[in-house]
Amino acid sequence: MARARRYDPDRRRRIVDAALRVVGRDGIAGLSHRTAAAEADVPLGSTTYHFASLDELLVAALRQANEGFAVILRESEALADPSTDLAAELARLTGVWLRGDRTGVELEYELYLAALRRPALRPVVAEWTEQVTTLLTRRTDPATARAVAALMDGIGLQVLLTGGVYDEEYAREMLARVLVPREP
């Protein structure tokens with residue numbers, strides 16, 4: 001007699017959460033369907049049912065990881081307020097993100113940079129860039145918004161890779177240089 005499947009609506013999410021923990025602990029090289037299944041405490045078949053390939057699992061993990069900074073930007077009322085100093089607010093928000101869960105920030109960047117070798121992840125990186133650019137175009141033009149997103153990424157990577165401390169005033173000054181209003 002076949003055993004009935006137990007309905008588990010959160011299983012897919014648990015597998016993605018588990019994949020993020022594995023990558024956070026062991027890096028992308030440590031992630032497999034087997035390690036994700038063990039971490040999520042689900043049968044191996046569950047991971048392959050929900051994610052036919054490891055790239056599909058990484059795409060889902062990257063989408064979820066990308067929510068960290070995107071949520072900070074989306075929830076900022078000051079970011080939408082035209083009277084707020086945009087450079088100062090973005091520098092502050094970048095600091096909130098970088099001074100938060102360091103493991104989460106490192107994980108976001110590890111998955112983000114994995115797109116260099118895993119083309120399946122590139123559309124997710126492009127989605128994230130587009131999402132941030134769209135949020136910023138409420139206050140500036142699309143080209144400047146894209147440059148601002150690139151600058152914030154660069155500053156974040158430098159802090160992580162050098163082990164340095166985030167310098168909010170430096171970030172504000174550099175962002176202000178990029179955000180200089182153009183002559184009409």
Side-chain angles (χ1 to χ4, degrees), residues 16-17 19-21 23-24 27-28 31 55-184:
V16 173
D17 289 342
L20 288 169
R21 287 191 303 274
V23 172
I28 289 175
L31 181 64
D55 278 349
E56 282 184 25
L57 180 54
L58 282 167
V59 164
L62 180 55
R63 278 202 173 101
Q64 185 171 315
N66 278 346
E67 280 301 301
F69 192 54
V71 166
I72 290 170
L73 290 177
R74 272 196 310 270
E75 291 179 352
S76 170
E77 292 176 18
L79 192 60
D81 181 354
S83 67
T84 300
D85 177 341
L86 183 56
E89 179 62 6
L90 289 172
R92 184 187 75 75
L93 294 173
T94 301
V96 167
W97 178 60
L98 288 171
R99 287 189 287 265
D101 174 21
R102 182 76 172 223
T103 302
V105 174
E106 290 172 0
L107 177 62
E108 282 184 60
Y109 272 114
E110 183 168 1
L111 288 166
Y112 185 75
L113 292 173
L116 291 170
R117 302 252 185 242
R118 293 181 177 268
L121 297 177
R122 291 178 188 162
V124 182
V125 172
E127 288 169 17
W128 183 87
T129 302
E130 189 59 37
Q131 184 179 25
V132 171
T133 300
T134 299
L135 284 168
L136 295 175
T137 55
R138 292 185 285 175
R139 296 283 308 274
T140 189
D141 64 276
T144 302
R146 192 170 296 285
V148 166
L151 177 58
M152 290 187 305
D153 270 342
I155 290 171
L157 273 172
Q158 284 180 351
V159 169
L160 291 174
L161 295 174
T162 64
V165 175
Y166 175 67
D167 183 343
E168 188 171 316
E169 183 51 34
Y170 167 78
R172 188 208 57 74
E173 183 182 330
M174 294 302 108
L175 287 162
R177 289 182 187 187
V178 173
L179 289 164
V180 171
R182 293 195 332 225
E183 300 280 326

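The figures here come from the full heavy-atom set of this structure, side chains too, leaving out hydrogens, waters and symmetry mates.
- Residues forming a side chain to side chain donor-acceptor pair (under 3.5 Å) with E89 (at least two apart in sequence, or on another chain): S76, R92.
- Below 30°, between 30° and 60°, or above 60°: for W128 and Y112 the angle between ring planes is above 60°, a perpendicular geometry.
- Every pair passing salt bridge (charged side-chain N to carboxylate O under 4.0 Å, His left out) that includes a residue from residues 113-129 is listed here, sequence neighbours excluded: D55-R118, R63-E127.
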Test R172 against E168 for salt bridge (Lys or Arg N to Asp or Glu O under 4.0 Å), laying out the working first.
-> CA-CA 6 Å; R172 188 208 57 74; E168 188 171 316; over 6 Å; no
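- Distance CD/E106 to CD/E108: 11.0 Å, rounded to 0.5 Å.
- Taking both residues in full, the closest heavy atoms of G24 and L107 are given as N-CD1, 3.8 Å, listed atom of the first, atom of the second, then distance.
- Sorted by first and then second residue, the salt bridge (charged side-chain N to carboxylate O under 4.0 Å, His left out) pairs with a member in residues 143-164 read E130-R146; sequence neighbours excluded.
- Applying the salt bridge (charged side-chain N to carboxylate O under 4.0 Å, His left out) rule to pairs touching residues 156-167 yields nothing, sequence neighbours excluded.
- For residues 71-84, every residue pair satisfying the salt bridge (charged side-chain N to carboxylate O under 4.0 Å, His left out) rule, not counting sequence neighbours, is listed here: E67-R74.
- Looking at residues two or more places apart in sequence or on another chain, you find no side-chain contact (heavy atoms from CB on, under 4.5 Å) involving Q158.
- Distance check, rounded to the nearest 0.5 Å: CZ of R138 to CG of L135 gives 5.0 Å.
- A donor-acceptor pair under 3.5 Å is formed between the side chain of T84 and the backbone N or O of A78.
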